[in-house]
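Structure first, then comments.
FYI, side chains are in, hydrogens and waters are out, and symmetry mates aren't considered; it's all heavy atoms of this structure. Keep in mind it's a predicted model, so treat the numbers as computed, not measured. Numbered from 1 within each chain, the chains take letters A, B, ... in sequence-line order.
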2 protein chains.
Amino acid sequence: MAKEEVRKQFRLADLLRTEISELAVHDPIPGERALAERFGTSRVTIRQALALLQDDGLIYTVHGSGSFVAPPRVVKQMRLHSFTEEMKQKGLKPTTKVISAQLINDDESAIDDFVVLSEPAFRVERLRLGNLEPLSLEITYINQSVAPDLLKEDLTKSLYHILKSKYGQEVFSADEHLTPIIIDQEYAKVMKIPAGSPAIKIQRTGYNARGEEIERSISIRQGNRWDFKYSIRI
Amino acid sequence: MAKEEVRKQFRLADLLRTEISELAVHDPIPGERALAERFGTSRVTIRQALALLQDDGLIYTVHGSGSFVAPPRVVKQMRLHSFTEEMKQKGLKPTTKVISAQLINDDESAIDDFVVLSEPAFRVERLRLGNLEPLSLEITYINQSVAPDLLKEDLTKSLYHILKSKYGQEVFSADEHLTPIIIDQEYAKVMKIPAGSPAIKIQRTGYNARGEEIERSISIRQGNRWDFKYSIRI
DNA sequence: AAGTGGTCTAGACCACGAA
DNA sequence: TCGTGGTCTAGACCACTTG
């Protein structure tokens with residue numbers, strides 16, 4: 001017997017999603033009390049489902065009046081993405097070339113003063129390609145204590161996946177710092193694009209669910225092939 | 001007699017914030033039931049307050065175990081920002097120079113195929129400075145129907161503020177599309193920086209609470225003086 | 001005045017973690 | 001097993017919009 005795995009509010013949200021898709025923009029949605037009765041649930045749960053739809057930008061709500069179908073939007077909320085997932089979304093075939101992978105000690109210098117080592121860590125430098133074209137150069141630092149046998153893994157696979165499946169470390173949230181740069185000679189060579197091209201440098205710190213740092217990375221992304229879309233709320 | 005304006009969950013969150021600030025990282029926070037009893041509130045409300053703290057990255061929660069103080073983070077969640085607010089945060093004095101402001105018709109061409117006019121709209125081109133140094137060039141399009149007398153306003157002030165206070169149109173959310181570019185001769189002249197500098201172009205669409213588009217803009221931001229920090233969640 | 005969404009309550013049951 | 005957080009209920013009252 002299959003168990004009911006999904007939270008009620010999610011199932012309700014999905015039901016409402018299809019129902020809403022057949023309405024016109026600014027059409028009213030049935031009241032919360034009516035929905036609660038119809039689905040045999042409490043009003044709180046209905047409200048949670050509606051909140052999900054609101055986060056997706058499908059509906060908007062006016063206090064004292066009702067909820068209504070919102071005009072369609074193109075861009076979805078920014079989410080934590082792995083390279084592999086991003087490539088799939090864009091319909092490109094992702095591949096990875098490992099340039100170097102080594103253990104470095106805490107007294108060695110690091111790029112950029114972004115990475116300051118307090119203990120021995122692995123440094124993995126990889127070139128990321130989509131349909132065999134270089135799109136991004138990534139340098140990742142992971143403390144040895146986080147993933148002791150990292151160098152034995154297949155580093156052409158997703159580092160996130162390795163961290164999660166082999167070491168139980170899941171990247172749950174991340175801080176990113178984004179700067180526009182110009183590709184210099186050195187990068188141009190590695191990435192096989194002309195020097196002087198526009199690009200973006202992203203410095204990133206990844207945390208697990210407990211808010212502990214488990215990864216730092218620097219990635220250089222080719223500007224002609226990368227762009228960033230996101231939406232923000234007040 | 002002053003009315004109690006603030007939602008209980010917000011007051012609770014503030015109380016807990018100060019309480020948590022005196023604990024050490026990974027220290028446990030009292031259980032939800034205990035907090036509910038202590039503050040004479042229901043557990044639901046306590047949970048809402050804790051959710052606020054979790055969004056701020058102050059605590060993390062482990063199912064079946066408890067809630068704990070999270071390690072400190074530098075970056076806060078990305079929010080919808082006006083230029084003026086951003087400058088204040090960085091401690092710079094914001095000023096604005098209006099380059100041009102005019103009504104254009106729907107048959108005139110527009111930059112970039114980003115802006116496609118379906119009705120007459122105002123085009124406002126402004127240079128934004130921090131401590132008198134040019135930081136950003138902004139071209140904003142606002143439909144005439146949204147703000148009929150826009151050209152009579154003081155356009156060195158915040159457009160958002162004008163839209164809100166004079167026309168009751170508040171920008172509630174926005175989609176942004178970000179691309180790295182290289183400053184060309186034309187931009188170099190206006191912004192008084194060398195051609196070939198790194199920069200970021202942001203194409204932005206602003207919406208009101210009903211999800212209706214009220215503004216489009218293109219801004220060119222000098223890369224040496226601008227960067228973007230944000231955090232993301234799975 | 002009536003109907004809507006916004007906030008809050010008191011209590012129930014479930015799923016998970018630690019001892 | 002017991003205490004914790006996670007989900008849900010039924011119902012109350014308030015704030016707001018609309019006729």
Quiz item: Could B:R221 and B:E176 be called an ion pair, given the rule that one side-chain N must be under 4.0 Å from one carboxylate O?
Solution: no
Quiz prompt | d(CG, A:L52; P, D:dC8) in whole Å | solution = 11 Å
Interface polar pairs with nucleotides 4-7 of chain C, N/O, under 3.5 angstrom:
residue	atom	partner	partner atom	Å
C:dG5	OP2	A:E32	N	3.0
C:dG5	N7	A:R33	NH1	3.0
C:dG5	O6	A:R33	NH2	3.0
C:dG5	N2	A:H63	NE2	3.2
C:dG5	N3	A:H63	NE2	3.4
C:dG6	OP2	A:R47	NH1	2.6
C:dG6	OP2	A:R47	NH2	3.4
C:dG6	N7	A:R43	NH2	2.7
C:dG6	O6	A:R43	NH1	3.1
C:dT7	OP1	B:R7	NE	3.1
C:dT7	OP1	B:R7	NH1	2.3

Self-check item: SB check A:R17 A:D14 (cutoff 4.0 Å)
Solution: yes
Exercise. Assess the side chains of B:Y207 and B:D175: does a donor N or O sit below 3.5 Å from an acceptor N or O?
Key: yes
Self-check item: Counterpart residues, side chain to side chain donor-acceptor pair (under 3.5 Å), relative to B:Q54 (two or more places apart)
Solution: none
Quiz item: Think B:T41 has a side-chain N or O under 4.0 angstrom from the OP1 or OP2 of C:dT9?
Solution: yes
Quiz prompt | Atom-pair distance (CZ on B:F39; C1' on C:dT9), nearest Å | solution = 17 Å
Self-check item: Gap between atoms CD1 and C1', on B:I59 and D:dG5 respectively (whole Å)
Solution: 11 Å
Practice problem: Taking the side chain as every heavy atom from C-beta outward, state whether A:L16 and A:F39 have any atom pair closer than 4.5 Å. | Solution: yes
Quiz item: Which atom names give the shortest non-hydrogen contact between B:L50 and B:I59, and what distance separates them?
Solution: O-CD1, 3.7 Å
